[in-house]
Amino acid sequence: MIKAYNLLGLMQRAGKLITGEDLITKNLKNNKIKLLVIAEDCGINTKKKLTDKANFYNVKCIEFSTIENISIAIGRDNRVAVGITDDGFIKKFKQLLEEGGKQ
């Protein structure tokens with residue numbers, strides 16, 4: 001799983017992650033987000049709101065890790081979800097999840 005966290009950090013530095021509930025919602029509408037990653041310990045209402053938006057705009061949604069681990073990986077505080085905008089990074093991220101399984 002360490003490689004998946006490192007990849008999230010790399011995506012953040014490369015400008016391929018969108019964080020923050022309002023920005024995620026806005027970019028789901030604009031079709032910029034291609035994969036939505038939500039923390040497993042995210043609040044029920046927030047999780048429902050984000051997954052409903054993602055489903056409405058046909059964006060795949062996965063649950064991964066915890067708020068704390070995601071926040072540390074990308075170097076920002078209290079991030080419950082991140083939107084990935086780059087297909088190459090998405091492919092690599094999914095590959096790492098399949099190889100390492102869930103935490």
Side-chain angles (χ1 to χ4, degrees):
M1 290 294 25
I2 292 173
K3 289 182 180 180
Y5 294 121
N6 289 341
L7 185 61
L8 281 174
L10 180 63
M11 286 186 247
Q12 176 67 23
R13 290 188 300 279
K16 302 299 181 184
L17 281 187
I18 295 173
T19 64
E21 194 175 329
D22 293 335
L23 282 175
I24 287 173
T25 302
K26 177 182 170 188
N27 285 286
L28 282 170
K29 290 178 186 175
N30 297 338
N31 294 319
K32 290 187 179 176
I33 295 176
K34 297 176 180 152
L35 176 68
L36 185 61
V37 179
I38 300 176
E40 292 171 348
D41 59 346
C42 175
I44 294 169
N45 291 336
T46 304
K47 188 180 293 187
K48 181 176 177 2
K49 179 181 176 184
L50 290 174
T51 54
D52 287 350
K53 284 281 186 192
N55 289 334
F56 182 79
Y57 292 107
N58 296 318
V59 174
K60 186 165 171 37
C61 208
I62 62 171
E63 289 187 29
F64 170 73
S65 194
T66 63
I67 294 170
E68 181 181 6
N69 289 339
I70 291 173
S71 299
I72 290 169
I74 65 172
R76 310 209 54 207
D77 289 334
N78 200 28
R79 299 299 161 169
V80 298
V82 293
I84 305 174
T85 60
D86 184 80
D87 289 325
F89 279 128
I90 290 170
K91 183 178 176 184
K92 184 64 176 174
F93 188 71
K94 286 181 178 179
Q95 178 188 346
L96 290 173
L97 291 183
E98 288 171 10
E99 290 172 2
K102 293 281 181 177
Q103 216 177 7

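Along the sequence shown, the residues carry numbers beginning at 1.
- Here the side chain of N27 pairs no donor or acceptor atom with the backbone of N30 at under 3.5 angstrom.
- Separation of atoms CZ (R79) and CD1 (I24) is listed at 8.5 Å; rounding is to 0.5 Å.
- Considering all non-hydrogen atoms of both residues, N78 and S71 come closest at N-OG, 3.2 Å.
- Here the closest non-hydrogen pair linking K34 and T85 is NZ-O, 3.4 Å.
- Hydrophobic clustering, with ILVMFWY side chains joined whenever heavy atoms are under 4.5 angstrom apart, groups L10 together with V37.
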For this session: Evaluate the criterion side-chain contact (heavy atoms from CB on, under 4.5 Å) for residue pair K94 and I90; output intermediate values, then yes/no.
Result: CA-CA 6 Å; K94 286 181 178 179; I90 290 170; 3.9 Å; yes
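- In this structure, the side chains of L96 and E99 come closer than 4.5 Å at one or more pairs of heavy atoms.
- The heavy-atom pair separating I33 from G83 by the smallest distance is CG2-CA, 3.7 Å.
- Interatomic distance, CG of N45 versus NZ of K48, reported as 9.0 Å (0.5 Å rounding).
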Exercise. Under the side-chain contact (heavy atoms from CB on, under 4.5 Å) criterion, do R76 and T19 qualify, and how do the steps go?
Worked result: CA-CA 9 Å; R76 310 209 54 207; T19 64; 3.0 Å; yes
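- There is no path of hydrophobic side-chain contacts, each under 4.5 Å, that joins I72 to L17.
- Side chains of T25 and D22: a donor-acceptor N/O pair is absent below 3.5 angstrom, by distance only.
- Taking the six-membered ring wherever Trp is involved, the centroid distance between the rings of F64 and Y5 falls below 6.0 Å.
- Residue K47 comes nearest to C42 through the heavy atom pair N-SG, 3.7 Å, listed as atom of the first residue, atom of the second, then distance.
- A salt bridge links E21 to K49: one of the charged nitrogens lies within less than 4.0 Å of a carboxylate oxygen.
- Considering only heavy atoms from C-beta on, L36 stays 4.5 Å or farther from I62 through its side chain.
- For I74 against L8, the heavy-atom pair with the smallest separation is CG2-O, 3.8 Å.
- Of the inter-residue distances, the one linking F89 atom CZ with Q12 atom CD reads 11.0 Å to the nearest 0.5 angstrom.
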For this session: Determine, stepwise, if the pair L35 / V59 fulfils side-chain contact (heavy atoms from CB on, under 4.5 Å).
Result: CA-CA 6 Å; L35 176 68; V59 174; 5.6 Å; no
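- In this structure, CG on N55 lies 6.0 Å from OG1 on T51, to the nearest 0.5 angstrom.
- D41 contributes no side-chain N or O that, together with a main-chain N or O of T66, makes up a donor-acceptor pair within less than 3.5 Å.
- Taking each heavy atom of F93 and I84 in turn, the nearest pair found is CD2-CD1, 4.3 Å.
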For this session: Go through the steps to decide whether I38 and V82 satisfy the test side-chain contact (heavy atoms from CB on, under 4.5 Å), and finish with yes or no.
Result: CA-CA 7 Å; I38 300 176; V82 293; over 6 Å; no
